[in-house]
Amino acid sequence: MSPLSKPLIGISTYLESSARWGVWDLPAALLPVGYHRLVQQAGGLAAMLPPDEDPEAAARVVSRLDGLVISGGPDVEPVRYGAEPHERTGPPARERDTWELALIEAALAAGTPLLGICRGHQLLNVALGGTLIQHLDGHAGAPGVFERHLVQPVPGTLLGEVLPEPLSVPTFHHQAVDELGKGLVASAYAADDGMIEAAELPGADRFVLGVQWHPEAGDDLRVMQALVAAAG
């Protein structure tokens, strides 16, 4: 496939107050390399989308993309879904929340294929009026180490078509979807405790999917390939 014919997939970035490389220790917009490599291996072109101070820029950005990935990262601020912070909820990432919610809303309005990963899955749910469980145990390994657990896709869903069998996935999170947002349906559950592991907006004419796990930390390309195919 010619590079000019490959779909352009934008990926939202982390925004860190301090990051180190070489002799530098500076604020940075960054992504683990697994994200762009997964897009590239799945047949897409990857573009990083750092937060913009103007949320209205989101629609202009999305209009230039063929597909959108909302990446993982810190906890969504509970005020976004009408809750008080749990004692185990992390500090807010307000710039990311504002920007990524604007990106999601723009993608939904434009019909742009959308994949939310971990935090992105949770933020998709919040964008559609859903809520989150602020703390649960057993879904993360040691700090900086992905755990694995079994998920069961739901037959007849978009995800069930892409991943028809139960599978072990890389995971690192302590929050999860609670009440589903408007129009969303659960399309995978954790095999051990029944937590929602994926959610989607049904409809043959669109691709809107969130997964609680981290496909960029594994070697299974199928979810990203499905996004790239929908964006092509």
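Predicted model, so just to flag it, every value in this text is computed and none were measured. We use all heavy atoms of the structure for the numbers below, so side chains are in, but hydrogens, waters and symmetry mates are not.
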Counting only N and O atoms by type, is there a donor-acceptor contact under 3.5 Å from the side chain of [X] to the main-chain atoms of [Y]?
| X | Y | result |
| --- | --- | --- |
| E197 | S187 | no |
| E200 | L209 | no |
| R64 | L8 | no |
| T89 | P85 | no |
| R206 | P202 | yes |
| S12 | S71 | yes |

Roughly how far, to the nearest 0.5 Å, is the [atom2] atom of [Y] from the [atom1] atom of [X]?
| X | Y | atom1 | atom2 | answer |
| --- | --- | --- | --- | --- |
| T13 | M48 | OG1 | CE | 5.5 Å |
| L124 | L108 | CG | CG | 6.5 Å |
| C118 | F172 | SG | CZ | 9.0 Å |
| L128 | I104 | CG | CD1 | 8.0 Å |
| L103 | L65 | CG | CG | 8.5 Å |
| M224 | L38 | CE | CG | 4.0 Å |

Does the side chain of [X] reach to within under 4.5 Å of the side chain of [Y], using non-hydrogen atoms?
| X | Y | result |
| --- | --- | --- |
| W99 | V61 | yes |
| Q134 | Y81 | yes |
| I117 | I70 | no |
| K6 | L45 | yes |
| T171 | R148 | no |
| P50 | L30 | no |
| V185 | L180 | no |
| L227 | I9 | yes |

message = Is it the case that atom CH2 in W24 sees more than 12 heavy atoms from other parts of the structure closer than 6.0 Å?
response =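 Count not over threshold, so no.
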CZ of R222: more than 12 outside heavy atoms within 6.0 angstrom?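 More than 12 heavy atoms, drawn from other residues, nucleotides or ligands, come within 6.0 Å of this atom.
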Which pairs of donor and acceptor atoms, one on a side chain in residues 154-164, lie under 3.5 Å apart (sequence neighbours left out)?
{"from": "T157", "atom 1": "OG1", "to": "V154", "atom 2": "O", "distance (Å)": "2.7"}
{"from": "T157", "atom 1": "OG1", "to": "G160", "atom 2": "N", "distance (Å)": "2.9"}

With side-chain hydrogen bond (donor to acceptor under 3.5 Å, both in side chains) as the rule and sequence neighbours excluded, what pairs involving residues 117-132 come up?
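Non-adjacent pairs meeting side-chain hydrogen bond (donor to acceptor under 3.5 Å, both in side chains): D97-R119, E100-R119, Q122-Q212.
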Could you name each residue pair satisfying side-chain hydrogen bond (donor to acceptor under 3.5 Å, both in side chains) that touches residues 25-41, not counting sequence neighbours?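 Applying side-chain hydrogen bond (donor to acceptor under 3.5 Å, both in side chains) to every pair that reaches into residues 25-41, excluding sequence neighbours, yields S18-D25, R20-D25, Y35-E216.
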Mind checking ring-ring contact (aromatic ring centres under 6.0 Å, His included) for H86 and listing every partner two or more places apart, or none if nothing turns up?
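Result, ring-ring contact (aromatic ring centres under 6.0 Å, His included) vs H86: H135.
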Which residues satisfy the ring-ring contact (aromatic ring centres under 6.0 Å, His included) test with H214, sequence neighbours excluded?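 Residues passing ring-ring contact (aromatic ring centres under 6.0 Å, His included) with H214: F146.
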Taking [Y] as the starting point, is it possible to reach [X] by hopping between hydrophobic residues whose side chains are less than 4.5 Å apart?
| X | Y | result |
| --- | --- | --- |
| V39 | L49 | no |
| V208 | V62 | yes |
| V211 | V177 | no |

Set of residues satisfying salt bridge (charged side-chain N to carboxylate O under 4.0 Å, His left out) with respect to D54, sequence neighbours excluded
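Per chain and number, D54 pairs via salt bridge (charged side-chain N to carboxylate O under 4.0 Å, His left out) with R60.
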Point to revise | Closest heavy-atom pair and its distance - V223, F207 | key: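 Heavy atoms of V223 and F207 come nearest at O-CZ, 4.3 Å.
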Between D193 and H149: side-chain donor-acceptor atoms closer than 3.5 Å: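 Not at all, the side chains of D193 and H149 share no donor-acceptor pair under 3.5 Å.
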